[in-house]
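Below is one structure, written out as structure tokens, with a few remarks after it.
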Amino acid sequence: MSEAQQKGCPEWRVMLHGFVDGELDSVHAAQFEDHLATCANCRAEMEGVRAVKEIIDQDGVKWRPPEALRSQVLSMLSFEQMAAASSLPRQAPIWRRALDFIRQWSFVPSLAVLATGAILFANAPTQTLFLQDQIMASHVRSMMADHLTDVLTSDQHTVKPWFNGKIDFSPPVSDLAKDGFPLVGGRVDYIGGRAVAALVYRRHGHVINLFIWPSASAAEVTTVHDGYNMRQWSDGGLVFWAISDVASGDLAEFESFFRAAARA
């Protein structure tokens, strides 16, 4: 990770590659341009990304990735095939572009280009880390784009039926106001190639996004991802990912109260 990236802004970094590739909508592109005008670290990181793109876009520049990378890519393809046959989240288009990129390039004796390849791929995240990136990006976007909810109400009996016909499963919905986690509402989001339910809660002014979709049982996960606390658990054929900038203890309490309410 570059020094600029270490000092950069995680909430904006998730938009950087989309901005460089021209994939952001006009609203988010304008927001990112405004941020660049005031953040030297993000400008430096963006210039680094553009410099790498200029190198790999040159005619005749090719490289052969190391064997270890080839094994990792094959593992990723295997996961993609399994995901296609199940309800697991599938890899996003950015990884498909990366795989196409690897297939198309062959070897030339250029250590500089090989080093570029190492920078791009040697630290490729696992599927879990990639999923965490998507969850964090959705969490950040929901607040930046002023699109926190599609249905704005604390009435769980309104939020739950609102999802009918919009997603192919019925998520549990509970108002935890008595426990200090009031329900704000819900929305449909898009993670891992499928529509998911997103329930929105608050804790002392902080937003908690709870993403839910059908999945086989998964190991429980507690982690910190780019400054955001995240917790994963599964129950009743569904997987749950909670993310927020609240203290880790608060998020653990939220999980406990939500699980108890869902089973009541």
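For the numbers below, each heavy atom of this structure counts, side chains included, while hydrogens, waters and symmetry mates do not.
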Just by distance, no angles: are the side chains of [X] and [Y] close enough, under 3.5 Å, to form a donor-acceptor pair?
X	Y	result
S138	N209	no
R187	T149	no
W241	Q232	yes

Give the minimum heavy-atom separation between A197 and F163, together with the two atoms involved. CB-CE2, 3.8 Å
Atom pair [atom1]/[atom2] of [X] and [Y] - distance to nearest 0.5 Å:
X	Y	atom1	atom2	value
I212	I191	CD1	CD1	11.0 Å
H225	M230	NE2	CE	6.5 Å
D189	R141	CG	CZ	6.5 Å
L210	E255	CG	CD	9.5 Å
R194	F169	CZ	CZ	5.5 Å

Could you please spell out the steps behind the side-chain contact (heavy atoms from CB on, under 4.5 Å) verdict for W162 and T153? CA-CA 11 Å; W162 178 87; T153 176; over 6 Å; no
Side chain to side chain contact (heavy atoms under 4.5 Å, CB included) partner of L183, the single match among V200, V173, L176: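 In the set V200, V173, L176, the residue that makes a side chain to side chain contact (heavy atoms under 4.5 Å, CB included) with L183 is V173.
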N/O donor-acceptor pair under 3.5 Å between [X] side chain and [Y] backbone:
X	Y	answer
R43	L36	yes
S244	V207	yes
Q134	G192	yes
D179	F181	no

Would K166 and D150 pass as an ion pair if we require N to O under 4.0 Å?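 Answer for the salt bridge query: no.
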Out of the candidates R203, H206, H139, only one should pair with D245 under the side chain to side chain donor-acceptor pair (under 3.5 Å) rule; please name it. H206
Parallel, tilted or perpendicular: which one describes the rings of F240 and W233, with boundaries at 30° and 60°?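 The arrangement is parallel - the two ring planes meet at less than 30°.
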Test item: F32 and V20 side chains (from C-beta on) under 4.5 Å apart, heavy atoms: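 F32 does not reach V20 side chain to side chain.
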Take I167 and W213 through the test side-chain contact (heavy atoms from CB on, under 4.5 Å) and record every step on the way to the result. CA-CA 9 Å; I167 51 178; W213 64 83; over 6 Å; no
In sequence, state the C-alpha distance, the side-chain angles, and the governing distance for V246 and F254, and then conclude on side-chain contact (heavy atoms from CB on, under 4.5 Å). CA-CA 10 Å; V246 298; F254 169 77; over 6 Å; no
Would you check, one step at a time, whether the test side-chain contact (heavy atoms from CB on, under 4.5 Å) holds for D34 with T38? CA-CA 7 Å; D34 290 342; T38 61; over 6 Å; no
